[in-house]
Amino acid sequence: MRKVGAAVAAVASAGGMVFAAPPATASVAAYPTSTFRIEVGASYYKGTVTWYNRSVGVNGAFKASGCRRVYAEARAGSTWLGWQSSSTWCDESGPAPLTVSADIDGGANKVYVWMTTENYHEGLEYFTCFRSLSACSGPFVGTPPDN
């Protein structure tokens, strides 16, 4: 009885291999990206903005010398869509990903990325990134306009 069951299992397994379709190769669309590099003394936040359809991903390496925070804000023209910030980091470093919702048709077309001291009113440096150009301009001193 065991031999028959093993034989059936072997045939079924071999049959499955013969008739199995090759794995589908997913076509992953490349999303536009823009790079930024904020450096203030020994502190920095440098990385990439990725422009998705309904959100913006900001992925960067963050090093805080003293206490610092980083922020990202998404806009569609002059319309504010959302923002996210890190917590306050003091004398530490590591990856600091920020994801900002841009839940409108076409998504965000402009993102501000900036660094402050632990006091969010004390803007140190910022970049303005543009989807249409896949580029960021800056650095500029302070915080972005309207912040």
Side-chain angles (χ1 to χ4, degrees), residues 8-147:
V8 171
V11 170
S13 177
M17 290 174 63
V18 171
F19 296 110
T25 312
S27 171
V28 178
Y31 292 101
T33 61
S34 309
T35 58
F36 63 91
R37 186 179 187 96
I38 297 170
E39 295 181 88
V40 180
S43 298
Y44 60 79
Y45 186 47
K46 51 190 174 184
T48 304
V49 174
T50 304
W51 305 90
Y52 300 108
N53 295 331
R54 298 227 173 223
S55 67
V56 177
V58 179
N59 288 299
F62 183 24
K63 178 182 178 193
S65 181
C67 294
R68 304 281 187 257
R69 285 180 81 123
V70 290
Y71 297 79
E73 176 182 289
R75 292 183 176 248
S78 61
T79 303
W80 179 86
L81 299 175
W83 68 277
Q84 187 180 31
S85 75
S86 69
S87 58
T88 300
W89 291 30
C90 297
D91 297 318
E92 60 184 298
S93 61
L98 304 172
T99 301
V100 184
S101 176
D103 196 13
I104 63 167
D105 285 341
N109 62 9
K110 179 170 45 176
V111 169
Y112 295 116
V113 180
W114 72 98
M115 181 187 295
T116 68
T117 65
E118 68 273 17
N119 178 346
Y120 70 91
H121 292 294
E122 292 181 40
L124 300 172
E125 198 169 271
Y126 73 94
F127 273 78
T128 306
C129 302
F130 302 94
R131 181 183 196 128
S132 62
L133 302 174
S134 288
C136 297
S137 64
F140 304 104
V141 175
T143 57
D146 302 325
N147 286 295

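Positions are given from 1, in the same order as the sequence printed here.
- At distances below 3.5 Å, not a single donor-acceptor pair connects side-chain atoms of E125 with backbone N or O atoms of M115.
- In terms of modelled atom types and a separation under 3.5 Å, the side chain of Q84 and the main chain of T99 share a donor-acceptor contact.
- In this structure a side-chain-to-backbone donor-acceptor pair under 3.5 Å is present from Y45 to A96.
- Nearest heavy-atom pair across G123 and T143 is CA-CG2, 3.3 Å.
- S34 contributes a side-chain N or O that, together with a main-chain N or O of A135, makes up a donor-acceptor pair within less than 3.5 Å.
- In terms of the ring pair (Phe, Tyr, Trp, His ring centres under 6.0 Å) criterion, residue partners of W89 (sequence neighbours excluded) are, by chain and number, F62.
- A side chain to side chain contact (heavy atoms under 4.5 Å, CB included) with R68 is found for exactly one of L124, T116, T88, namely L124.
- No side-chain donor-acceptor contact under 3.5 Å links N109 to the backbone of R131.
- When atom types are taken as modelled, the side chain of D91 and the backbone of S65 share no donor-acceptor pair closer than 3.5 angstrom.
- In this structure, CG on L81 lies 10.5 Å from CZ on R54, to the nearest 0.5 angstrom.
- Closest approach of P32 and S134 over heavy atoms only: CB-OG, 3.6 Å.
- Taking the six-membered ring where the residue is Trp, W83 and Y71 present tilted rings, their angle falling between 30° and 60°.
- The side-chain heavy atoms of V58 and F36, taken from C-beta on, include a pair separated by under 4.5 Å.
- Using modelled atom types, no side-chain atom of T128 and backbone atom of S137 make a donor-acceptor pair closer than 3.5 Å.
- Among all heavy-atom pairs drawn from V100 and A74, the shortest one is CG1-CB, 3.6 Å.
- By the 4.5 Å heavy-atom criterion applied to side chains, Y44 and I38 are not counted as neighbours.
- Summarising the geometry, atom CH2 belonging to W80 is positioned 9.0 Å from atom CZ belonging to R75; distances are rounded to the nearest 0.5 Å.
- Each of Y112, Y126, F127, W114 was evaluated against F140; a single residue qualifies, Y126, per the side chain to side chain contact (heavy atoms under 4.5 Å, CB included) test.
- The nearest pair of heavy atoms linking V49 to C129 is CG2-SG, 3.9 Å.
- Summarising the geometry, atom CZ belonging to R69 is positioned 10.5 Å from atom SG belonging to C90; distances are rounded to the nearest 0.5 Å.
- W51 places a side-chain heavy atom less than 4.5 Å from the side chain of V111.
- Residue I104 comes nearest to A76 through the heavy atom pair CD1-CB, 3.3 Å, listed as atom of the first residue, atom of the second, then distance.
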